[in-house]
Amino acid sequence: MSITVDYYMTLTSPWTYLGSAPFAEIAKRNDVTVNIKPCKFGPIFEQTGGLPLPKRSPQRRAYRMMELKRWREVRDVPLTLEPKGFPCNDTVATRLVIAAKLKGEDAHRLATELGRAVWEREETLEDPGHVASAARRAGLDAVSLRAGGPSDAELDALHEQYTQDALAVGVFGAPSYVLPSGEIFWGQDRLDLLERALKQLG
């Protein structure tokens with residue numbers, strides 16, 4: 001029996017990107033359906049006690065850098081620690097991911113390529129050309145994904161709904177993987193534990 005995992009994420013998180021491809025592999029191995037739900041983590045932080053990166057203490061920012069160095073080695077990903085394209089407004093890219101999801105396309109793969117654009121290629125998601133290139137790498141066409149589909153306002157409303165869904169189930173950070181039981185696994189460093197739980201359910 002296929003299990004659906006709700007995947008709460010944001011495209012500009014390095015942790016989301018580091019875990020994106022491994023999570024896709026876990027999903028494939030365990031016959032898991034990924035229900036991707038891009039969220040706005042600014043409002044989530046405000047309600048759950050988190051802080052955006054610029055407001056964190058120097059000690060926490062320094063530790064974040066150490067962890068990024070460690071995990072890019074573990075994941076064997078050429079992640080840039082301070083890419084030129086970060087931070088950026090990811091609204092256009094997020095709309096495309098949601099549009100891909102609604103059309104039954106591989107929105108998870110698209111999200112991985114959009115993350116690669118920021119964290120490996122040092123591109124900005126504010127540039128429609130960079131977003132379109134990421135879509136092509138995922139085997140999709142950005143124009144076709146939006147053609148005849150929901151409006152920007154409708155996609156933004158879904159983005160907001162996913163954010164409220166995250167708060168309702170107790171999500172406070174990205175990425176978070178939530179089982180049908182409501183059990184949350186926060187962080188790409190919890191993927192081994194997530195797969196263990198999936199095998200027990202299977």
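Keep in mind that the numbers below use all heavy atoms, side chains included, and drop hydrogens, waters and symmetry copies. Bear in mind that the values here come from a model prediction, so they are computed numbers and not experimental data.
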- Item | Heavy-atom pair of closest approach, residues Ala197 and Phe185 | CB-CZ, 3.6 Å

- Query: Which atoms form the tightest heavy-atom contact between Ala142 and Leu96, and what is the distance?
  - Reply: O-CD1, 3.7 Å

- Task: Step through it carefully: locate the ring centre of Tyr177, locate the ring centre of Trp186, and say whether they are under 6.0 Å apart.
- Result: no

- Message: Tell me if a side-chain donor or acceptor on Thr163 pairs with a main-chain N or O of His159 at a distance below 3.5 Å.
- Response: yes

- Thr12 versus Phe86, closest heavy-atom pair with distance: O-CE1, 3.3 Å

- Give the C-alpha distance, both sets of side-chain angles, the deciding distance and a yes or no for salt bridge (Lys or Arg N to Asp or Glu O under 4.0 Å) between Arg136 and Asp141. CA-CA 6 Å; Arg136 284 194 295 272; Asp141 179 75; 5.9 Å; no

- Rounded distance (nearest 0.5 Å) linking atom CG of Leu167 with atom OH of Tyr162: 15.5 Å

- Query: Any sub-3.5 Å donor-acceptor pair from Glu122's side-chain atoms to Pro83's backbone N or O?
  - Reply: no

- Are any of the side-chain heavy atoms of Val32 and Ser2 separated by less than 4.5 Å? no

- Query: Which pair of non-hydrogen atoms, one from Asp189 and one from Trp71, has the smallest distance, and what is that distance?
  - Reply: CB-CZ2, 3.4 Å

- Which is it for Arg121 and Glu123 under the salt bridge (Lys or Arg N to Asp or Glu O under 4.0 Å) test, yes or no, and what are the steps along the way? CA-CA 5 Å; Arg121 298 168 65 93; Glu123 297 172 346; 3.1 Å; yes

- Message: According to a hydrophobic-cluster definition based on side-chain heavy atoms being under 4.5 Å apart (Ile, Leu, Val, Met, Phe, Trp, Tyr only), do Val178 and Met9 belong together?
- Response: no

- Task: Look only at the side chain of Arg72 and the backbone of Val77, and say whether a donor-acceptor pair between them is shorter than 3.5 Å.
- Result: no

- Using atom types as modelled and distance alone, determine if a side-chain donor or acceptor of Ser176 lies under 3.5 Å from a backbone N or O of Tyr8. no

- Message: In the structure I gave you, are the side-chain heavy atoms of Val131 and Leu114 within less than 4.5 Å of one another anywhere?
- Response: yes

- Query: What are the two closest heavy atoms between Ile98 and Pro38, and how far apart are they?
  - Reply: CG1-CG, 4.0 Å

- Query: Under 3.5 Å, is there a donor-acceptor pair between the Tyr17 and Gln188 side chains?
  - Reply: no

- Heavy-atom nearest pair, Ile36 first then Lys101, reads O-NZ, 2.8 Å

- Flag the pair Asp90 and Arg95 as a salt bridge only when some basic side-chain nitrogen lies within less than 4.0 angstrom of an acidic carboxylate oxygen. no

- Query: Are the side chain of Ser13 and the backbone N or O of Trp15 linked by a donor-acceptor pair below 3.5 Å?
  - Reply: yes

- Query: Hey, are the side chains of Thr33 and Asn35 touching, using non-hydrogen atoms and a 4.5 Å cut-off?
  - Reply: no

